[in-house]
A.B. asks: 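Pasting a structure below so you can have a look.
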Amino acid sequence: MIKIEDLKVSQLFLFKEQSYTGRCNVVYNNHAVEFYELSDEQRNLFMEDVATVAKAIEKAFNPTKINYGAYSDTLSHLHFHIVPKYKEGYGFGGVFEMNPQKTYLSDTEYESVIEKIKANL
């Protein structure tokens with residue numbers, strides 16, 4: 001992953017595999033494994049970060065739908081996958097693949113995606 005920015009209670013990363021253009025992870029700053037471990041205030045701030053990122057991705061890339069995933073079977077740290085889906089794009093209409101390993105970008109292309117997201121945060 002490539003760090004994009006610090007948010008209120010989390011960090012924003014671009015997922016290196018970009019089959020879903022603009023896919024990011026929002027990673028909670030403090031140690032938590034389960035969503036229910038957060039206080040109401042922590043949960044609300046974390047979800048505000050998730051929503052902020054989703055809005056930025058929507059503005060930057062205009063996806064048909066944004067999928068969200070909070071998987072942590074092997075990584076013991078609370079995080080959300082923010083996965084934009086496009087009607088004519090990879091995997092539309094199904095559950096997103098965790099790491100299809102099909103699309104990697106050049107450094108310049110990663111920078112361009114990151115700048116589009118940052119411009120809309």
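These values consider heavy atoms only, across backbone and side chains, with no hydrogens, waters or symmetry-generated copies.
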A.B. asks: Tell me whether Ile117 is reachable from Ile2 by hopping between hydrophobic residues (I, L, V, M, F, W, Y) whose side-chain heavy atoms are closer than 4.5 Å.
C.D. replies: yes
A.B. asks: Using only atom types and a distance under 3.5 Å, with no angle test, would you say the side chain of Tyr20 pairs donor to acceptor with the backbone of Glu97?
C.D. replies: yes
A.B. asks: Give a yes or no on whether Tyr90 and Phe15 share a hydrophobic cluster (residues Ile, Leu, Val, Met, Phe, Trp, Tyr; joining criterion: side-chain heavy atoms under 4.5 Å apart).
C.D. replies: no
A.B. asks: Going hydrophobic residue to hydrophobic residue with side-chain gaps under 4.5 angstrom, can you get from Phe35 over to Val26?
C.D. replies: yes
A.B. asks: Go through the steps to decide whether Gln42 and Val9 satisfy the test side-chain contact (heavy atoms from CB on, under 4.5 Å), and finish with yes or no.
C.D. replies: CA-CA 8 Å; Gln42 291 168 324; Val9 294; over 6 Å; no
A.B. asks: Tell me whether Phe80 is reachable from Tyr28 by hopping between hydrophobic residues (I, L, V, M, F, W, Y) whose side-chain heavy atoms are closer than 4.5 Å.
C.D. replies: yes
A.B. asks: Atom CZ in Arg43, atom CG in Asp40: separation rounded to 0.5 Å?
C.D. replies: 4.5 Å
A.B. asks: Can Lys118 and Ile4 be said to form a side-chain contact (heavy atoms from CB on, under 4.5 Å), step by step?
C.D. replies: CA-CA 8 Å; Lys118 285 177 86 168; Ile4 296 175; 3.5 Å; yes
A.B. asks: Tell me if a side-chain donor or acceptor on Glu17 pairs with a main-chain N or O of Ser19 at a distance below 3.5 Å.
C.D. replies: yes
A.B. asks: Would you please indicate if the ring centroids of Phe61 and Tyr86 are separated by under 6.0 Å?
C.D. replies: no
A.B. asks: As an exercise, state the distance from CD1 of Ile114 to CG of Leu105, rounded to the nearest 0.5 Å.
C.D. replies: 9.5 Å
A.B. asks: With rounding to the nearest 0.5 angstrom, report the OG1 to CE distance, Thr52 to Met47.
C.D. replies: 10.5 Å
A.B. asks: Mind checking side-chain contact (heavy atoms from CB on, under 4.5 Å) for Lys8 and listing every partner two or more places apart, or none if nothing turns up?
C.D. replies: Leu45, Glu48, Asp49
A.B. asks: Would you compute the distance between atom NZ of Lys116 and atom CG of Leu121 and round it to the nearest 0.5 angstrom?
C.D. replies: 14.5 Å
A.B. asks: Are Tyr68 and Ile82 packed together at the side-chain level, in the sense that at least one heavy-atom pair is separated by less than 4.5 angstrom?
C.D. replies: yes
A.B. asks: Indicate yes or no for a side-chain donor-acceptor contact from Gln18 to the backbone of Arg23 under 3.5 Å, with no hydrogens or angles considered.
C.D. replies: yes
A.B. asks: Would you sort out whether Leu14 and Cys24 count as a side-chain contact (heavy atoms from CB on, under 4.5 Å), showing the intermediate values?
C.D. replies: CA-CA 4 Å; Leu14 184 69; Cys24 290; 4.1 Å; yes
A.B. asks: Taking C-beta and beyond as the side chain, do His81 and Phe96 meet within less than 4.5 Å on heavy atoms?
C.D. replies: yes
A.B. asks: Just by distance, do the side chain of Lys85 and the backbone of Gly94 share a donor-acceptor pair under 3.5 Å?
C.D. replies: yes
A.B. asks: What are the two closest non-hydrogen atoms of Gly22 and Val113, and how far apart are they?
C.D. replies: CA-CG1, 4.2 Å
A.B. asks: Report yes if some heavy atom in the side chain of Leu78 is under 4.5 Å from a heavy atom in the side chain of Leu38; otherwise report no.
C.D. replies: yes
A.B. asks: Side chains of Phe46 and Leu7: closer than 4.5 Å at any heavy-atom pair?
C.D. replies: no
A.B. asks: Sub-3.5 Å donor-acceptor pair from the side chain of His77 to the main-chain atoms of His31, do we have one?
C.D. replies: no
A.B. asks: Give the minimum heavy-atom separation between His79 and Asn25, together with the two atoms involved.
C.D. replies: CD2-ND2, 4.0 Å
A.B. asks: Any donor-acceptor pair under 3.5 Å linking the side chain of Tyr110 with the backbone of Lys16?
C.D. replies: yes
A.B. asks: Crowded around Asp107 CG? As in, over 12 foreign heavy atoms under 6.0 Å?
C.D. replies: no
